[in-house]
Amino acid sequence: MRNHTPTSQTMYSDTDVVIVGAGPVGMTLALLLAERGRTVAVFERWGTAFPLPRAAGMSHETVRTFQSLGLLEQLLPHLNFDHDELSTSLYAPDREVLATMAFAGDGASGFPPMVGFHQPDVDGLLSEACEAHPLVGLHRGWEARTVEQGGDDAVVTLDPVDGDQPRDGDPVTARGRFVVGCDGANSVVRSLMDTGVTDTGFSSTWLVIDTLVRPGASGVDLFGHMLDHQRPATLAPAGKGRQRVEMMTLDSDDLDHIGDADSVWGLLARFDITPDKVDLARSAIYTFRGRWADSWRDGRILLAGDAAHQMPPFLGQGFNSGVRDSLALAWRIDLILSGEAAIELLDGYTTERLHHVRQIVEASVALGQLTCNTDPQAIDALVAQFRAMHDHVDTSGEDAAITQSDWQLGPGCLLPGDAAAGFVARQARVEKDGMTGLLDDLTGSGRFLLIGKDVDPMAGLSDQARSIWQQLGGRGVTIGADDFRDVDGSYAEWFQKLGATIVLVRPDFQVYGTATDTDHLNEMVINLARQLHLHETSTSTAGQLVG
Ligand SMILES: Cc1cc2nc3c(=O)[nH]c(=O)nc-3n(C[C@H](O)[C@H](O)[C@H](O)COP(=O)(O)OP(=O)(O)OC[C@H]3O[C@@H](n4cnc5c(N)ncnc54)[C@H](O)[C@@H]3O)c2cc1C
């Protein structure tokens, strides 16, 4: 990256963070940073939030993220919480169910593992929240062209545009201490960074049809992947009153007309979806790919969301992975900007998140390869294989939750050798002083948290560990009769599974590590300070740790 020499008018020269792209990931990151008191300027080429549906499944961690932003109440009407009934299946060509996974119970975050939603509703809500936030400037009608960085900041040059068309006016530059490219699959920011892209080679073009289910219509709720040599398909509920049907396109298809109404109704008839049951909302053609950027940081320039990784949507994890990126980034950037941590803290952003997302891209590609099969003999063999393995696989409840959240972060800021580190910390219902609610609501989220089971973690801290904890603004809670009562016994079960009495949770809900006694606890906190690259403060002894 070259040193920058601003040549045109600079907007927001005192902005902490400049974000390119106001998709769901850029807007979530903007809000997470602004909630920490950071100033953010977001630049987007289009005049309004993207109106067409894409993501349809929201994970429990994403719901928890929006809970932490205080957006849950506004979001709830848009989420389909029919979790007792939601399950997804793999079907043989004759519709025999080969395998089923139920999304029952709650995921680790205290919400169903996966809920249906309509992405434009959520994107619109995030856009309104950004517009309303005093620390976020959302600037529509600007397209990033170049990004350059110096030692302390980075500068984006933006052209005036109206979506994909130029508009009159001069380019502007926006300067921030950090620039984050949340500019989607064809990221300009990524192309200007010093990073390669690894491509799995998976590429498949699909027709995506969204329908509005008429009140009282029945049989329009299939959720699963259809093995079918004539035309592979996946069907899924896509938010309240909506059903999605995705079908692979074939070489013989005329892609200019396959999305025409006549053609779409013909294709839907295969699933007995007819005009008396649904209205067509839209259809669009997408090419699904599996790839990732090899590094998500180049100095003060970072990537998040589809700019950093793309995956076929078969596991419904693209948007959710992007939200995880924004969570992982917000607290790190904040700690660096506050002067508490060195910029090296960002090294772990790529190593943790890339390891996590690679597992998901590879699993999505594997499911894609299973589904995108048009060889009748290969499908017959697959069906026979499934029948031989088990007539019917049914993972329910807790197991379903595990399949949705058992991807572990890679090495970074995590207690080495701790098997629980890098997994999502549990959030469950607690009661304190007559108030019952989810733990994050009662304790406040976004901070480092020590949770003790029947022990007060703060009481066991040494002077050195206490001073680190104060520097981080961390807090401690006890799950037990005298503090936060474990309403459903969920924490008792979790701590038993962990084999620990104390858990250290990071601001992005990830378990940093666990401890069984005060010696372990103090070692864990001191180790955390080292991995955070904490600076010495006059009031703390944490600086002794940095070396
Ligand atoms: C059919 C389909 C189904 C899907 N289903 C799921 C699902 O069930 N669950 C799930 O988690 N994910 C799903 N996804 C994936 C999900 O939609 C994406 O991962 C998610 O939208 C990515 O968000 P983002 O903010 O990173 O990028 P985007 O939403 O692509 O936003 C990027 C933004 O940057 C802007 N931009 C780009 N370049 C510039 C520039 N140079 N200057 C200024 N602005 C720029 C763009 O206009 C855009 O607004 C699905 C995707 C598809 C296509």
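Just follow the structure's listing: the first ligand is 1, and inside any ligand the first atom is 1. We're numbering straight along the sequence, starting at 1.
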Min N/O separation [X] to ligand 1 under 3.5 Å:
{"X": "Asp306", "answer": "yes"}
{"X": "Glu246", "answer": "no"}
{"X": "Ala307", "answer": "no"}
{"X": "Ala304", "answer": "no"}
{"X": "Gly305", "answer": "no"}
{"X": "Asn320", "answer": "yes"}
{"X": "Gly184", "answer": "no"}
{"X": "Ala144", "answer": "yes"}
{"X": "Val188", "answer": "no"}
{"X": "Val20", "answer": "no"}

In chain order, what residues pass the salt bridge (Lys or Arg N to Asp or Glu O under 4.0 Å) check against Arg300, with sequence neighbours excluded?
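In terms of salt bridge (Lys or Arg N to Asp or Glu O under 4.0 Å), with neighbours along the sequence ignored, Arg300 is linked to no residue.
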Just heavy atoms, cut-off under 4.0 Å: does [X] contact ligand 1 by side chain, backbone, both, or neither?
{"X": "Gln317", "value": "backbone"}
{"X": "Pro313", "value": "side chain"}
{"X": "Trp206", "value": "neither"}
{"X": "Arg244", "value": "side chain"}
{"X": "Phe319", "value": "both"}
{"X": "Cys182", "value": "backbone"}
{"X": "Phe50", "value": "neither"}

Can the positive tip of Arg332 be found less than 6.0 Å from the middle of the six-membered ring of Tyr349, inside 45° of the ring normal?
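Checked: cation-pi criterion not met.
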Are Arg190 and Trp296 in a cation-pi contact, defined as NZ or CZ under 6.0 Å from the six-membered ring centre and within 45° of the axis?
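Not flagged: Arg190 not positioned over aromatic ring of Trp296.
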4.5 Å side-chain heavy-atom contact, [X] and [Y]:
{"X": "Val63", "Y": "Ser109", "value": "no"}
{"X": "Leu268", "Y": "Met247", "value": "yes"}
{"X": "Phe223", "Y": "Ser89", "value": "no"}

Sequence neighbours left out, cut at 3.5 Å: what donor-acceptor pairs do the side chains of residues 202-209 make with other protein atoms?
| from | atom 1 | to | atom 2 | distance (Å) |
| --- | --- | --- | --- | --- |
| Ser204 | OG | Trp206 | NE1 | 2.9 |
| Thr205 | OG1 | Thr287 | OG1 | 2.9 |

Straight-line distance of Gln427 CD to Arg64 CZ, nearest 0.5 Å
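The CZ atom of Arg64 is 4.5 Å from CD of Gln427, to the nearest 0.5 Å.
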